[in-house]
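Reviewing the structure listed below.
These numbers come from a predicted model, not from an experiment. Convention: sequence-line order gives letters A, B, ...; per-chain numbering from 1.
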Number of protein chains: 2
Amino acid sequence: MVADAPALRRADWEPRPAGRSSAQTRPERAAERIAALAAATEPGDRLGTKDELRAECGVSVGTFNEALRLAQARGVVTVRPGPGGGLFASRQSPMVRLGNSVLALDEDTASVADAIRLRDALDPLLVEDALQHASRLDITAMRVELQQMHAAAEELDGTAFIHANWALHARIAAISPNAMLRSFYTSLLDLIESHVLSVQPVDGQPLPDYIRSRYELHAALVEAITEKDSDRALELIHEHNTTMATPSADEDLSAAVPSG
Amino acid sequence: MVADAPALRRADWEPRPAGRSSAQTRPERAAERIAALAAATEPGDRLGTKDELRAECGVSVGTFNEALRLAQARGVVTVRPGPGGGLFASRQSPMVRLGNSVLALDEDTASVADAIRLRDALDPLLVEDALQHASRLDITAMRVELQQMHAAAEELDGTAFIHANWALHARIAAISPNAMLRSFYTSLLDLIESHVLSVQPVDGQPLPDYIRSRYELHAALVEAITEKDSDRALELIHEHNTTMATPSADEDLSAAVPSG
DNA sequence: CGCCCCAATCCATCATGGTGAATTGCTGCG
DNA sequence: CGCAGCAATTCACCATGATGGATTGGGGCG
């Protein structure tokens, strides 16, 4: 029974790069054909019946249905029954276009440095939102995360510190009423964490002074948010994003670990 | 022949809100079931054969295949033939998670003000990248877009001015080597333009002074990029993002038109 | 003129059976 | 022990036929 295959076999659980190299599946190819046909017409134009389009794609009924399901999910066509029914070209909404363009990004082209840079640009917005919208509950929750950071700092546990750090940032992000901003930011955190931990697990002992000063910076940030001290908060987030380099001699660890 | 149905019938070409209210399709429901099963296990764990999972979902073979195609496209499962084969839980890559979370955003919750705010936060990054990477070709292209802006300003054509304005920004964005940044930014432009033109077409005559000063601001920005004058460029983009309000009395038009 | 009913069109889902490809594991041979 | 071949397992795609639901348009009636 292969249900106990080792979970650490990366090829098993990490999705293969799109389309087994050039061996693209037939439904996927047909879905692209449908999308191309839709793109060549105006939104709302009728493309034809399912059977006409299926013949155009040159696949069987079942395969075409799979392709159509994909195309519908991508928002490129809509389908209607009845006389004059069939497939109609559809315009993807801007949100769908954004989602699809992000999906089309290759993991290789999304470097962690790029992600960090984006995250840094978005941090001030989140701090502004937190200053404006943080409830008592939010502040309590931030304090809980701070305690986790503090505990990790006391135990000099680098991985735990990173997790707690990110949990704090995610919690701050959760305060924002801007759904787009939250979504982007949280996923950027996710991407950064994923990349860092997959590339270079934090094995070494983190520097005590560095980790303490990062903790204190975050604590001050939470206090500034609590006190609604806008200038201080923005100053701190700026410092946060520009003082990643550790003041001590060992640059290797801190350069590799984009701390929050 | 209904191939000539009026293209302006919005219900025809704008995708319906997800899932015809509560009437979710069966393949979509099965795909969610598959995703839930995958989420409940570790990445790499075997979920079972197609037929076992199909029985679990309670659908026919064809419907299950459609669902499976969706689930695979979403990166939640991978499929293998052979003894011990079948469906395996997969971990969505961070990029896929971001794409899916964006797709899950409701258009209503993505307000144009939110989008503008994000765009403004990302503008300085793009300007930095343009300063660093702009080729002669890029500069020529920016100049071409500037000419379009100038022509629109001379003719006092508000819509054309907006289009040219956005085309210039998109061209500046295209210089960046940061694929994520380009993707986000371009889609934000798309979203903003789409929203503004759908909500309030620009019918009124734009103010000559306002439109001229916006043009000149952009011209100065392009020159600063050309001269690689970092301080000047960043100063201009800051001015760009903080001086949208027209200096003249008619605030209605300019408030409604988030100009580039 | 408006509404209802019906017929025609087209789709969503179901069911069944088939071929060929890919994968895994075991056995036999050198 | 390593490699090749083979059998079994499982999937990808194909083909066909059926039922019920949704939609559109036309005709008839009040």
Just checking, any donor-acceptor pair under 3.5 angstrom between side chains of A/D138 and A/S135?
yes
Residue A/S60, side-chain atoms from C-beta onward, closest of D/dA15, C/dT13, D/dC11
D/dA15
Phosphate-side-chain proximity, B/R46 and C/dT24, N/O vs OP1/OP2 below 4.0 Å
no
Heavy-atom side-chain proximity of A/I34 to A/E56 below 4.5 angstrom
no
Spacing of B/E52 atom CD relative to D/dT9 atom C1', expressed in whole Å:
12 Å
For the side chain of B/V79, counting heavy atoms from C-beta on, which of D/dC11, D/dA15, C/dA8 is nearest?
D/dC11
Let me know the distance between CG of B/D51 and C1' of C/dG17, rounded to the nearest Å.
14 Å
Please determine whether salt bridge (charged side-chain N to carboxylate O under 4.0 Å, His left out) holds for the pair A/R117 and B/D129, giving the CA-CA distance in whole Å, both sets of side-chain angles, and the decisive distance to 0.1 Å.
CA-CA 12 Å; A/R117 191 151 164 256; B/D129 283 351; 2.9 Å; yes
Quick check against the 3.5 Å criterion: does B/E52 have a side-chain atom that pairs as donor or acceptor with the backbone of B/T49?
yes
Which nucleotide wins on minimum distance to the side chain of A/K50, given the candidates C/dA12, D/dA12, D/dC13?
C/dA12
Residue pair B/E66/B/V61 against DNA chain C: nearer the 5' end by closest nucleotide is B/E66
Of the listed nucleotides (C/dC14, D/dC14, C/dA8), which one gets closest to any side-chain atom of A/P83?
C/dA8
Ranking C/dT13, C/dT24, C/dC11 by distance to the side chain of B/R80, first place goes to C/dT24
Out of C/dC14, C/dT9, C/dA12, minimum distance to the side chain of B/R26 belongs to C/dC14
Between B/F64 (CZ) and C/dA15 (P), how many Å, whole number?
14 Å
Return the angle between end axes of the helix from C/dC1-D/dG30 to C/dG30-D/dC1, with five pairs used per end and rounding to 10°.
20°
Whole angstrom value for the distance that separates C1' of C/dC11 from CG of A/L53
13 Å
Looking at A/T49, I'd like to know whether one of its side-chain N or O atoms comes within less than 4.0 Å of OP1 or OP2 on C/dT9.
no
Give one of base, sugar-phosphate or nothing for A/G86, where a contact means two heavy atoms less than 4.0 Å apart.
sugar-phosphate
Rounded to the nearest angstrom, tell me the gap between atom CD in B/Q72 and atom C1' in D/dC11.
10 Å
Test item: A/S187 side-chain N/O and A/F184 main-chain N/O as donor-acceptor pair under 3.5 Å
no
Compare the minimum distances between each of C/dC14, C/dA12, C/dC10 and the side chain of A/P81, then state the nucleotide with the smallest one.
C/dC10
Please check: side-chain N/O of A/T41 versus main-chain N/O of A/A38, any donor-acceptor pairing under 3.5 Å?
yes
Is a side-chain donor or acceptor of A/R182 paired with a backbone partner of A/S176 at a separation under 3.5 angstrom?
yes
Is there a donor-acceptor contact under 3.5 Å from the side chain of B/R119 to the main chain of B/Y185?
no
Send over the distance from B/L87 CG to D/dC11 C1', rounded to a whole Å.
10 Å
Any side-chain N or O of A/R69 below 4.0 angstrom from OP1/OP2 of C/dA12?
no
Can you tell me how far P of C/dA15 sits from CG of A/N65, to the nearest Å?
15 Å
